[in-house]
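Encoded as structure tokens, the structure appears first; notes follow it.
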2 protein chains.
Amino acid sequence: MTQSHGYAARSATAPLAPFKFTRRELHDHDVHVDIQFCGVCHSDIHFVRNEWGNAVYPVVPGHEIVGRVKAVGSAVRKFKPGDLVGVGVIVDSDRTCPSCRAREEQYCEGGVTLTYGARDKYGDLTQGGYSNNIVTDEHFVHSVSPKLNPAGVAPLLCAGITTYSPLRHWKVGPNRKVGIIGLGGLGHMALKFAHSFGAHVVQFTTSESKIADAKRLGADEVVISKDATAMKKQANSFDFIIDTVSAPHDIDPYLEALKRDSTYVQVGLPEKPPVIDPGNLLFKRRSWSGSIIGGMAETQEMLDYCAAKNITADVEVIPIQQINEAFERVVKADVKYRFTIDMSSLGA
Amino acid sequence: MTQSHGYAARSATAPLAPFKFTRRELHDHDVHVDIQFCGVCHSDIHFVRNEWGNAVYPVVPGHEIVGRVKAVGSAVRKFKPGDLVGVGVIVDSDRTCPSCRAREEQYCEGGVTLTYGARDKYGDLTQGGYSNNIVTDEHFVHSVSPKLNPAGVAPLLCAGITTYSPLRHWKVGPNRKVGIIGLGGLGHMALKFAHSFGAHVVQFTTSESKIADAKRLGADEVVISKDATAMKKQANSFDFIIDTVSAPHDIDPYLEALKRDSTYVQVGLPEKPPVIDPGNLLFKRRSWSGSIIGGMAETQEMLDYCAAKNITADVEVIPIQQINEAFERVVKADVKYRFTIDMSSLGA
């Protein structure tokens, strides 16, 4: 067994607090990672507070993990002790289904194993990255370039790949007009990537206070989505829109902004099912779609791309002792644009 | 002016009754068609009864028109008197927008001119095919093969192209598993086309009484959609599903039946906006889309394909005097599978 400690929630209403636990022993294909940084994703809060109804306790959240390899199993060839690596949202899949064979493990027909709050193939409860270490299969571990600030790399493992993957899948690039809804953890990464891919990028936001920051991060235009006249001006002009906002909001004005045959992609799971006017799909053959994270090969591709282009998340680094306050600030969208926990604060 | 007569509704509650009216004179690019057959589309009923809130009266409905050219304008080269032709759902578009230039006139950014109930570019109210003749621009007139039964050709101009176009757009063919929801006017055409294109076709229906007919029309399998167990068995197996049902129904079980990266297309405009679980899009990167009729070139392609493959709609031919009774039967889905009005019944 591997001795671990971190911060866990014991119930939907309890604050996160110190917690000692064990992880599985190192199997042949496993990598033991000593965690340096872990990003704070809104999903962590949804899960911990049982807002999705699937929580198990105690739970150590965290699925934006960067650390150093401490040890590897006997069959591991990809990594060696000392390597800088990342672990994201999933730590296993069935490896045999059509999606896994297509290197889209995130859509595994047999079901993925989430990094926390799930049972792994040995029957153990998985625990996440708000902790000193993690033991997991090498297939779900990625190389991280030492050129980048590791605190800013951590959020790439969820917020980064969640936006990179659909932008690549729907071929966002030069001569394409792309809309980004929301400028938070996911939105600011979508903005950086879409800009880096050479698209004409329009940031949609409800807040005038975000205009300057959106432009700094790469937006060619900023549209205040509460301004109906400004929204109407965008009609039939977008090749692609990515929606990073899970709070309830009206989707129809964005559908109307899409060109014929274009796609609106939801990457945040909406808190309530949105209701749209299906005429907005039919009368321009538009599509409403969704996407989650990315495959393991694509996650590595994204990390390599970020190293080549010097892209990381904008982060506010906190010690683990501030995690409960950070949760409150995430809920209020009071962070630019992601918290990352410095795990050295956890102590021995 | 062109003298015309047909059957019109004078209000949302009035039955269709004989009506004399005038159509525009023959302009340079116009074709005068003497109508032989006109299909009865559920849209005719929605419009006439103002169920979409956009009715104008009096209205002569009908947009599944087959007839013979009587005269052509001075600039018309495509047609000559005596030719068998068809006219469908739209009779004009702006011809200059991106969709028109892409030969997708049905999605015209400037707005299409509907075959009835719209203002044409001369300011005249358009009137449809429940009448003895129509005068319209040659671009919106199609050649019809004399090899086919013209009564069965008429519904191809709406029900046919509405299903042919999305099946082609989403590349339905051999080694693809395709689902068809609903076995009515649209559904039976979708079934014939998907079968003809070489796909493995599954007909979804609520009614066990339709199993034999679905198989006769080309279904490889029939699934009773009320049977939750049968529906679950279809999970993650479809490459494409086309939904021809506009009455309210649950979409989620069909989304769950789609493979990763596959598309669910709505071709009937739902009476009420459906509510779906967006998780069914996100967790398999599925798309929900919609489609209307087809472009003019594609409509001709479809008619030529039907002539080559001997495909027509299954029709019940009625005299115009039975139109009000036919409307009632369409509402009750009591027709296999389309009414076509024999316009010779109209008299002189």
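Note that the coordinates shown come from a computational prediction; the quantities given were computed from them, not determined experimentally. Chain identifiers are assigned alphabetically (A, B, ...) following the order of the sequence lines, protein sequences preceding nucleic acid strands; residue numbering begins at 1 within each chain.
Within the 4.5 angstrom heavy-atom criterion, only side-chain atoms of A/Ser165, from C-beta onward, approach chain B. Using a 4.5 Å cut-off between heavy atoms, B/Val267 touches chain A through its backbone atoms (N, CA, C, O) alone. Of the two parts of A/Asn280, neither the backbone nor the side chain holds a non-hydrogen atom closer than 4.5 Å to a non-hydrogen atom of chain B.
Top candidate by heavy-atom pairs under 4.5 Å with chain A, chosen from B/His169, B/Glu109, B/Gln106, is B/His169. Interface check for chain A: of the options B/Asp277, B/Val275, B/Asn236, B/Leu269, the most heavy-atom pairs under 4.5 Å are formed by B/Leu269. Comparing A/Pro274, A/Ser99, A/Ala102, A/Pro270 by heavy-atom pairs within less than 4.5 Å of chain B, the highest count is held by A/Ser99. Per-residue heavy-atom pair counts under 4.5 Å with chain B were compared for A/Gln266, A/Glu104, A/Lys259, A/Arg260, and the maximum is reached by A/Arg260.
Expressed to the nearest 0.5 Å, how far CZ of A/Phe140 lies from CG of A/Asp137 amounts to 6.5 Å. Atom CD1 of residue A/Ile292 and atom CG of residue B/Leu282 lie 7.0 Å apart, to the nearest 0.5 angstrom.
Under 4.0 Å is where a charged nitrogen must lie from a carboxylate oxygen, and between A/Arg95 and A/Glu105 no such pair does.
A cation-pi arrangement is found for A/Arg168 relative to A/Tyr305, the charged atom lying closer than 6.0 Å to the ring centre and inside a 45° cone about the ring normal.
In this structure, A/Phe283 has its ring center at least 6.0 angstrom away from the ring center of B/Tyr107.
Across A/Tyr164, A/Phe240, A/Trp170, a single residue satisfies ring-ring contact (aromatic ring centres under 6.0 Å, His included) together with A/Phe197, and that is A/Tyr164.
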